[in-house]
Amino acid sequence: MSRALPACCLSLFLLASCTQRDEPLVLTYGTLTEPPRPIAEFRLTDQTGAAFSRTNLLGQWTLLFSGFTHCPDICPLTLGIIRNAEDKLETPGHHRVVFVSVDAERDTPALLQEYLGWFDPDWVGLSGTRAALNPLLDSLELGYVRVPLGSEGDYTMDHSTAVVLIDPEARLVGYWKAPLDAERLAADLATLPAP
């Protein structure tokens, strides 16, 4: 024979279950990283010239993509798809977008600010030396390499094309691989729990 909980106990039980429940992260089109991977300490410079570190990743969801402003196709295409996905959200998402340049020689903060203005001036652009970049990009398993072009000193950058998802605790928790689809990315962004 079962006994009903007294009303006072039932209220406390319901209150506790509501306040302690964590919403699970669900990505229908992306891939979850299990377990979440902590991001190493790093220090880069944003497009305004201000310092940006791991601490700046705390407290909200972050979509991060690495590339460079001289990229002829993949970078502008990917950033355009992210912008398009954000436009498809019925309500503002619980995330921000960070673009990390792998081309410190050419991508100054001013150039990053101008470049991101074509997509969304509220996005964050980061740059730094190879030594400054590596702790962050290694934590996210995003590679890059400088590729010489001809004999005039010109070059391009080969780099990872995944868009990674960082949680409000500054951990890698998921990613989307190319080719991206704006509708599918928007569907996943719409399910991100409030931080």
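The first residue of the sequence shown is numbered 1, and numbering continues consecutively from there. In this text, all values refer to a predicted model and were calculated from it rather than measured experimentally. Side chains are part of it too, since the values below use all heavy atoms of this structure and drop only hydrogens, waters and symmetry mates.
Scanning both residues, P38 and P36, for their nearest heavy atoms gives CD-O, 3.8 Å. When all heavy atoms of H95 and Q60 are compared, the closest pair comes out as C-OE1, 4.3 Å. When all heavy atoms of V164 and L142 are compared, the pair lying nearest together is CG1-CD2, 4.1 Å. Of all heavy-atom pairs spanning H159 and M157, the tightest one is CD2-O, 3.6 Å. The two residues A170 and I166 have their closest heavy-atom pair at CA-CG2, 3.7 Å. Across every non-hydrogen atom of I82 and V163, the tightest pair is CD1-CG2, 4.0 Å.
A single hydrophobic cluster is seen to contain both F65 and L89, as judged by linkage of ILVMFWY side chains at heavy-atom distances under 4.5 Å, directly or through other members. Side-chain heavy atoms closer than 4.5 Å link hydrophobic residues (I, L, V, M, F, W, Y) into clusters, and following such links, even through other members, never connects V98 to L79. If you chain together hydrophobic residues whose side chains sit under 4.5 Å apart, V97 and I39 never meet in one group. Connection of L64 to V173 is not established within any shared hydrophobic cluster, with ILVMFWY side chains joined at heavy-atom distances below 4.5 Å, either directly or through further cluster members. The hydrophobic cluster containing Y175 does not contain I81, counting ILVMFWY residues as joined when their side-chain heavy atoms lie under 4.5 angstrom apart, directly or transitively.
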**Report entry** Verdict with supporting geometry, L112 and S127, side chain to side chain contact (heavy atoms under 4.5 Å, CB included)
**Finding:** CA-CA 8 Å; L112 280 172; S127 61; 3.8 Å; yes
Query raised in the report: Taking it one step at a time, do L165 and L63 satisfy side chain to side chain contact (heavy atoms under 4.5 Å, CB included)?
Result: CA-CA 5 Å; L165 179 64; L63 284 185; 4.1 Å; yes
Query raised in the report: side chain to side chain contact (heavy atoms under 4.5 Å, CB included) between K88 and E183: does it pass, once the steps are laid out?
Result: CA-CA 7 Å; K88 294 179 181 304; E183 293 276 355; 3.4 Å; yes
Report task. Step by step, work out the side chain to side chain contact (heavy atoms under 4.5 Å, CB included) result for R54 and R43. Result -> CA-CA 7 Å; R54 182 181 180 279; R43 185 177 176 86; over 6 Å; no
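Using modelled atom types and a 3.5 Å distance limit, the side chains of T62 and R96 yield a donor-acceptor pair.
Applying the side chain to side chain donor-acceptor pair (under 3.5 Å) criterion to T161, with sequence neighbours excluded, gives no partner residue. For D46, the side chain to side chain donor-acceptor pair (under 3.5 Å) test picks out T48, with sequence neighbours left out.
Checking side-chain atoms of T31 against main-chain N and O of G174 turns up no donor-acceptor pair under 3.5 Å. Side-chain atoms of S101 come within 3.5 Å of backbone atoms of D103 as a donor-acceptor pair (strictly under, hydrogens ignored). The closest donor-acceptor contact from the side chain of S139 to the backbone of A40 lies under 3.5 Å.
No side-chain heavy atom of L57 sits less than 4.5 Å from a side-chain heavy atom of D167. When side chains are defined from C-beta on, Q47 does not count as touching E114, because their heavy atoms never get closer than 4.5 Å.
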Could you list the donor-acceptor pairs under 3.5 angstrom formed between side-chain atoms of residues 131-138 and any protein atom two or more places apart in sequence or on another chain?
unit_1, atom_1, unit_2, atom_2, d
N134, OD1, Y144, OH, 2.9
N134, ND2, R130, O, 3.3

Would you list the atom pairs, donor with acceptor, under 3.5 Å between side chains in residues 66-78 and any protein atom, with sequence neighbours excluded?
unit_1, atom_1, unit_2, atom_2, d
T69, OG1, D107, OD1, 2.4
T78, OG1, I74, O, 2.8

Pairs under 3.5 angstrom only: tabulate donor-acceptor contacts from the side chains of residues 184-195 to other protein residues two or more places apart or in another chain.
unit_1, atom_1, unit_2, atom_2, d
D188, OD1, T28, N, 2.7
D188, OD1, Y29, N, 3.3
D188, OD2, Y29, N, 3.0
D188, OD2, G30, N, 2.9
D188, OD2, W176, NE1, 2.9
T191, OG1, V26, O, 3.2
T191, OG1, D188, O, 2.8

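The distance from atom CG of L58 to atom CG of N56, rounded to the nearest 0.5 Å, is 8.5 Å.
Sequence neighbours left out, the pairs with a member in residues 114-137 that pass ring pair (Phe, Tyr, Trp, His ring centres under 6.0 Å) are F99-Y115, Y115-F119.
Within 6.0 Å of CD in E34 there are more than 12 heavy atoms belonging to other residues, nucleotides or ligands.
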